[in-house]
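If you're wondering where the values come from, they're calculated on a predicted model, not measured in any experiment. Just so you know, ligand 1 is whichever comes first in the structure, and atom 1 is the first atom listed for that ligand.
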Amino acid sequence: MMKKYLWSFALSAIVLAGCGKKEEPVAVAPAPVASAPAAAAVNTEEKVLNIYNWADYIPEGMIASFEKETGIKVNYDTFETNEALHAKLVAGNSGYDIVVPGSVFAKPQIEGGLLQALDKAQIKNLANLDPAIMATLAAKTDPGNKHLVPWAWGFTTVGINKTKVAKALGKMPMPENAWDLVFKPEYTSKLKSCGIAYLDSPTEIIPVALHYIGKDAYSNDAADYKLATEMLAKVRKDVRIFSSTMIDDVASGKACVAIGWSGDMNIAAVRAKENKSKDEIEALLPSTGALIFFDTMAITKDAKHPNNAHAFIDFYLRAENAARMSNEMNYPTANKAGVPLVKPEIANNKTIFVEADYFAKMIPPSSFSNEAREAMANAYNSFKKGN
Ligand code: SPD
């Protein structure tokens, strides 16, 4: 068990060192105030909750359990990219109460007043969260942990259909750095025959391309995006799919190598087996590191059902629900109380709960200015068009 938590301490050390701060315990739940007992607040909201989350991120039956227990009817929609969620929030009146942005986008959303501060008194299970992860979020994204509660974390990496890749590469050995499979023409020219897929999102692809060429993955400098797209242009003709359905593209064999998210690649492996495929699919751990992400629950500024939203957040933060997410969705939970309930085959999968020495190599998330995101989108769209 000790070993399992090493990564988490490693993370807070890395991030806090970068901020020039000493690690301090983070109060994730307010201390009870000694006063006359208050009457329990009555929730008079209509029994509805509108949630907008990433696709393939919630265990089967979890919404139904919440509905049964609370009588609150949940409308649950999904999105595929941070850009899609962000556009809805910026437009306003999204109708959603809970959204789940990646922390890279959550920061500008907090700064832009698109998310409301949580009422921590309504979320007693905040105490279940890993203080090291909360410290990381406080230092980099959400000062005081006022707005965000982690849903899960993971990393952007290379996923492969081992069987198909071995066949396409023939005598050529696998590279030491797995990013070569998607960015180096010697490899892409061979792998295009079995399908190379990239996530269809500027803020997913440009950061990994920047990292590959030795730049800061979270550079806000448009000149760096030009260098990244110059590198990408060399492999453009070999990329078959810009995917919004990556799990199925990899599981079905449409793509043999992908830039995707760690948990999704593990889900693709499970799905391929369910589909009776003999091909072996796996998430790789590139030698130069993969890009960590945190996906975070937040309540929209104009939420119509904030009390129901707090009730759902508290429900999700129960240790057993957090563990269910890891067990079924293949993403590590930030819920420390839930970790002991994670099945051994998930807890010991090094591409889900990575080991401390690999964790130390990974790139922690940061964020981009609005101008940088726009420049990145332009650079990415020209790359896609082959300009
Ligand atoms: N199937 C759920 C995928 C969640 C991915 N979130 C990634 C955010 C990374 N920038």
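- Residue contacts with ligand 1: E204 is placed with a nitrogen or oxygen under 3.5 Å of a nitrogen or oxygen of the ligand (distance criterion only).
- The protein non-hydrogen atom at the shortest distance from atom 6 (N) of ligand 1 is D295 OD2, 2.7 Å.
- On a distance-only criterion, A55 and ligand 1 share at least one N/O pair closer than 3.5 Å.
- Using bins of under 30°, 30° to 60° and over 60° for the plane-to-plane angle, the ring pair Y380/F383 lands in the tilted bin.
- Between W261 and ligand 1, a contact under 3.5 Å exists for no N or O pair.
- A donor-acceptor pair under 3.5 Å links the side-chain atoms of T300 to the main chain of Y96, judged by distance alone.
- Contact analysis puts D264 in contact with ligand 1, with a non-hydrogen atom separation below 4.0 angstrom.
- The cationic group of K350 does not satisfy the cation-pi geometry with Y358, failing either the under 6.0 Å distance to the six-membered ring centre or the 45° limit from the ring axis.
- Contacts of D180 classified as salt bridge (charged side-chain N to carboxylate O under 4.0 Å, His left out), with partners at least two apart in sequence or in another chain: none.
- Annotation: Y57 places no N or O atom under 3.5 Å from an N or O atom of ligand 1; distance criterion only.
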One pair to check against salt bridge (charged side-chain N to carboxylate O under 4.0 Å, His left out): R271 and D248. What are the steps and the verdict?
CA-CA 8 Å; R271 220 168 267 181; D248 284 335; 3.0 Å; yes
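- Using a cut-off of 4.0 Å between Lys/Arg side-chain N and Asp/Glu carboxylate O, K164 and D279 are scored as salt-bridged.
- Taking every non-hydrogen atom of D56 and a distance limit under 4.0 Å, the qualifying atoms of ligand 1 come out as 1 (N), 2 (C).
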